[in-house]
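Reminder, nothing fancy here: chain letters follow the sequence lines and each chain counts from 1. Just so you know, these numbers use all the heavy atoms, side chains as well, and skip hydrogens, waters and symmetry mates.
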Number of protein chains: 2
Amino acid sequence: MKCRVCKAPAVIDVRRHNAAFCPDHFVTHCRDQVRRAIHDHDMMNPEDRVVVAVSGGKDSLALWDLLVDLGYHPDGVYLGLGIGDYSDDSADHARAYATEHDVTLHEIDLATEQGFTIPAAAAATHRAPCGACGLSKRHLLNRFALDHGYDTVATGHNLDDEAAVLLGNVLRWDTDYLARQHPVLPSAPGFARRIKPLVRLGERESAAYCVIRGIDYQVDECPMAAGNRHLYYKDVLNTLEQRSPGTKAAFLHGFLDHAHDRFTDHPDGDDPSAQLGRCAECGAPTTTEVCAFCRLQVRAAPRP
Amino acid sequence: MKCRVCKAPAVIDVRRHNAAFCPDHFVTHCRDQVRRAIHDHDMMNPEDRVVVAVSGGKDSLALWDLLVDLGYHPDGVYLGLGIGDYSDDSADHARAYATEHDVTLHEIDLATEQGFTIPAAAAATHRAPCGACGLSKRHLLNRFALDHGYDTVATGHNLDDEAAVLLGNVLRWDTDYLARQHPVLPSAPGFARRIKPLVRLGERESAAYCVIRGIDYQVDECPMAAGNRHLYYKDVLNTLEQRSPGTKAAFLHGFLDHAHDRFTDHPDGDDPSAQLGRCAECGAPTTTEVCAFCRLQVRAAPRP
């Protein structure tokens, strides 16, 4: 197996591109894919104030690293979810990266600042923890960006993540979610822009990128995610990809190129803020009197 | 396990309906699903001249039986594909059903009338046989209906078939195929109406229907289909259905209810005949000078 570019011994093959790469040209490949995603979807400009949502895992650390190399100047923000040792280790990886690369990492802690943890939220709501986790991340990272003058929140969602979400949305034909499934969600009143620059890289690639670049990351899967539907959809797509390399990329990018705009044509499809009021508790945009995050907080961290 | 309707011992459960049925009420369930499909999609009226495409398998024989019970008067047409013993056995099942139920079965034979068989077509084109088979069925059954004064060709495509086709179309976001994926394709110049009244019944249900009604059908899978993509997509959907009963029905009917019309809005989406000419050989509608079937025939049955 030889590098497609220089014919040196290759260390990784990317079957959907029918190519293998040496370490240096694999890094170039990753940069090219991120550059292309940013360009194709007009994600941002070098002067934008960008904050990367850093979990300490392979995707968010690779994203941070790649954006700096591509000439952007992102800071990072870590949200402590209170999931025992898993969260402690994740935070250590995020801090170590920031220290070693001399970049700025902000930290938010769910327990100390909001009075609850994800395990507590799952117990209080009697529901799978992933819903409360996603809601908390979206809400608090958005609020952080707005409060600290960032234009854009960049997240490490990769090709595998987005294809799995798309599969779930398509199996249910959830047209609202399909309308919002895009690597760029533009800014709107109460919303920072959200971008997903890794949408052209698989999770195997972001892991290999970290290994090649010497970035230590949280290797464990979140212990609370075991058995969730999203991981199951990833398995399904992996079996399809195994049989026919390129399936995931064709599925996701075919949707973005040929179908997404067919789901944004309903009256409020283009402007998610059009029919939104303000949360009576926190002021965030919401369709209800009190937003979903504040309602979660009341249940997960009841005041005495 | 007791019948949902009468509490007698049940012989089959339908997990997506969270119900089990005794033999009589299972037959009623099947009729209700077909009646509902015909009604919801405005497939036909009792006075229409309908011909069922009868393969000798469970789906087409169940369909024929159900349509007669629901007050329609369909004839059947069997297309001999020349796939050795499999085709011979299939024809026997179709003929036996017609004789026993005193209904009219027409027969077309690919080898004697068109000069080739599906195995010969696969060998001549060096491609998977299923493409040539589907093309031949669509072309010859449509021509048969037009030549013999039938308004409508009814086919036994069931929920599993249609969901698998939809999965393939969605994985590639093939927007032309998505526009045409519907249980009713209206008649147009050169095209009889095509309907799929089993679109609300799974293949396990059509098999059980045949067993309960004492209908002998071709049990074997087509020997030429082994390993094809369609069967693989069925497997994928079966694993999803196993985990979450109702997935297939939600996927297919969600598409029809909420997404299909988003794919028919291109200029020629509503009228497939709008940009069609006539085949120089056979006169069928086509976008090329000679239609795909006639081109297949030239390759598969070259004249000396």
Side chain to side chain contact (heavy atoms under 4.5 Å, CB included) partners of A250(A), counting only residues at least two apart: none
Heavy-atom pairs under 4.5 Å with chain B, option from L178(A), T239(A), D174(A) with the top count: T239(A)
Within 6.0 Å of OH in Y177(A), more than 12 heavy atoms from elsewhere: no
Contact class of S244(A) relative to chain B, heavy atoms under 4.5 angstrom: side chain
Greater than 12 external heavy atoms within 6.0 Å of Y86(A)'s OH: yes
Closest approach of Y233(B) to L240(A) (non-hydrogen atoms, all atoms of both residues): CE2-CD2, 3.7 Å
Euclidean distance, L171(B) CG relative to F255(A) CZ, rounded to 0.5 Å: 13.5 Å
Atom CZ of R243(A): over 12 foreign heavy atoms under 6.0 Å: yes
Lys/Arg cation over aromatic F251(B): R172(A), 6.0 Å, 45° cone: no
Non-hydrogen side-chain atoms of R262(A) and T175(B) separated by less than 4.5 Å: yes
Shortest non-hydrogen separation from A259(B) to W173(A) and the atoms involved: CB-CE3, 3.4 Å
Residues in side chain to side chain contact (heavy atoms under 4.5 Å, CB included) contact with H17(B), at least two apart in sequence or another chain: V14(B), A19(B), H29(B), Q33(B)
Contact class of V170(A) relative to chain B, heavy atoms under 4.5 angstrom: both
Proximal component of R229(A), with respect to chain B [non-hydrogen, under 4.5 Å]: both
